Amino acid sequence: MALLLPLLSFICGLILASTSFSNQLKTLFSALLARLFIPVVIIYNMVFYREGSLSLMLFSFCSAFILFFIYLTMFKDRLRSLCFSYTNMAWLGFPIAIALFGSEISSAIIALYIGGSIFGNSWAVTSVSSEPQSLLDICKKMLQSPPIIALFFSVIFRYFDLQNLENHHWIDQIYDAAKWGMSFTGMCVLGMWLRKTRVHWDDLIESTQVALLKIICGIVLCGVAYQFLPIPHIHEYIGVMFLLFCLPPAANIVALETYYQGTGISAKYIASGTIVSCVICIIYGLIIKLIIF
């Protein structure tokens, strides 16, 4: 079921791309994703986080930040730097991580996802902007972006002790609906863009080179974290932490690009990167199984 919804949403996007109102749908879905579903997911996980979650969020956020500027320094392309640093933890990373490490790792997966999501959705304000911006404008737009606003609401809700409610079933239902909406809108918009996007061998070769660079960065960053950072239970989490660097660009980058810039250039990077990353994740899974057994 974890893979069925994104797949059906993607197929739905491919079908809707041929309709006369596809552009309006892309705008609507992109706005819902950026302004509603992602902030709800962030608020929930920040309010109900577990021990060690904050450290994993910070690792995910800082790693994405470092990856972004490594790629930007090397290639001078902000959108592709976002694709390099903001990974698809939502619909691809979750099922792979659970398959490799078990359902007991789910709290760590969520924490890593939230850290990367906060980075990606906040930094997208500058990454997909077509015009140069001053530092003051960048700060203003980041503070006004939905994920940062969601963080402010999380602080307020924790101040009022929302995390200690005895019965928060209705909150869980809102969270589940937001996760469903996030997966549907992100994959649907991606499908609408990919209907008009072709992937060639050159794209796959380039994505392979990018993926290898990311893996090298992951080995270094995870090694530093394991040796020097006081992350609780890091020996249990290091495998899923490295998985971050095996994943493709986040599927909702194209939706965020649509929302902030009105283009879908990243769809090609996401498509070829996803193909390459699936192969890498299979190899990584085989290595994990060999180590365990």
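Since the structure is predicted, the reported quantities are computational estimates derived from the model, not experimental observations.
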Chi angles and distances behind the side-chain contact (heavy atoms from CB on, under 4.5 Å) call for L112, M241 = CA-CA 7 Å; L112 291 168; M241 289 164 64; 4.3 Å; yes
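- Y113 is listed as a side-chain neighbour of V41, based on a closest heavy-atom distance under 4.5 Å.
- Contact annotation: the side chain of L243 approaches that of C281 to within less than 4.5 Å [non-hydrogen atoms, C-beta and beyond].
- Of all the heavy atoms in L221 and I66, the pair that sits closest is CD2-CD1, 3.9 Å.
- Taking the six-membered ring for Trp, Y269 and F84 have ring centres at least 6.0 Å apart.
- The two atoms that bring Y226 and I234 nearest to each other are CA-CD1, 3.5 Å, heavy atoms only.
- Note that the CG atom of L247 and the OG1 atom of T274 stand 9.5 Å from one another [nearest 0.5 Å].
- For the pair E206 and K268, the salt-bridge criterion is not met [side-chain N within less than 4.0 Å of a carboxylate O].
- In this structure a side-chain-to-backbone donor-acceptor pair under 3.5 Å is missing from K214 to S85.
- F68 and F65 fall within a single hydrophobic cluster, where Ile, Leu, Val, Met, Phe, Trp and Tyr side chains are chained together by heavy-atom contacts under 4.5 Å.
- L213 and V224 are members of different hydrophobic clusters when ILVMFWY side chains are connected at heavy-atom separations under 4.5 Å.
- Ring pair Y44/Y175 is parallel by interplanar angle, where below 30° counts as parallel and above 60° as perpendicular.
- Inter-residue side-chain proximity for L16 and C12 is flagged as met; some heavy-atom pair is nearer than 4.5 Å.
- Proximity of a side-chain donor or acceptor of S277 to a complementary backbone N or O of G273 within less than 3.5 Å is detected.
- Here the OG1 atom belonging to T19 is positioned 8.5 Å from the CD atom belonging to Q24, to the nearest 0.5 angstrom.
- Although no hydrogens or angles enter the test, the distance criterion places no donor-acceptor pair under 3.5 Å between the side chain of S22 and the main chain of S18.
- The backbone N or O of D161 sits nowhere less than 3.5 Å from a side-chain atom of N164 that would complete a donor-acceptor pair.
- L54 and I156 are not part of a single hydrophobic cluster, where members link through side-chain heavy atoms under 4.5 Å apart.
- Rounded to the nearest 0.5 Å, atoms CD1 (I42) and OG (S154) are 8.0 Å apart.
- Sorted by first then second residue, the ring pair (Phe, Tyr, Trp, His ring centres under 6.0 Å) pairs that include residues 10-43, not counting sequence neighbours, are F29-F184.
- Atoms SG and CG, from C188 and L28 in turn, are 10.0 Å apart once rounded to the nearest 0.5 Å.
- Between D77 and L72 the shortest heavy-atom distance is N-CD1, 3.7 Å.
- Cluster membership for I219 and Y237, using ILVMFWY side-chain heavy atoms within less than 4.5 angstrom, is shared.
- The two residues S266 and C83 have their closest heavy-atom pair at CB-SG, 3.9 Å.
- Residues meeting the side-chain contact (heavy atoms from CB on, under 4.5 Å) test with I174, sequence neighbours left out: V40, W170.
- In this structure L212 satisfies the side-chain contact (heavy atoms from CB on, under 4.5 Å) test together with T208, sequence neighbours excluded.
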side-chain contact (heavy atoms from CB on, under 4.5 Å) evaluation trace for Y71 with L67 | CA-CA 6 Å; Y71 198 93; L67 288 179; over 6 Å; no
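- When all heavy atoms of N88 and P249 are compared, the closest pair comes out as CB-O, 3.5 Å.
- For L162, the side-chain contact (heavy atoms from CB on, under 4.5 Å) test picks out V47, F157, L165, I171, with sequence neighbours left out.
- At a threshold of 4.5 Å between non-hydrogen side-chain atoms, the residues I215 and F242 count as touching.
- Rounded to the nearest 0.5 Å, atoms CZ (F61) and CG (L56) are 15.0 Å apart.
- Connection of V210 to I205 is not established within any shared hydrophobic cluster, with ILVMFWY side chains joined at heavy-atom distances below 4.5 Å, either directly or through further cluster members.
- The distance from atom CG of L79 to atom CD1 of I253, rounded to the nearest 0.5 Å, is 7.5 Å.
- S55 places no side-chain N or O within donor-acceptor distance of the main-chain N or O of I231, the cut-off being under 3.5 Å.
- When all heavy atoms of F245 and C222 are compared, the closest pair comes out as CE1-SG, 3.6 Å.
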Would you please test L244 and F59 for side-chain contact (heavy atoms from CB on, under 4.5 Å) and show each step?
-> CA-CA 11 Å; L244 283 175; F59 172 80; 4.3 Å; yes
Please test I109 against V240 for side-chain contact (heavy atoms from CB on, under 4.5 Å), starting from the C-alpha separation and ending with a verdict.
-> CA-CA 7 Å; I109 302 167; V240 73; 3.9 Å; yes
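- No side-chain heavy atom of S207 sits less than 4.5 Å from a side-chain heavy atom of I275.
- Judged as a side-chain contact (heavy atoms from CB on, under 4.5 Å), and not counting sequence neighbours, the contacts of N23 are K26.
- No side-chain donor-acceptor contact under 3.5 Å links S60 to the backbone of M57.
- Cluster partners of L286 are I282, counting Ile, Leu, Val, Met, Phe, Trp and Tyr whose side-chain heavy atoms approach within less than 4.5 Å, directly or via other members.
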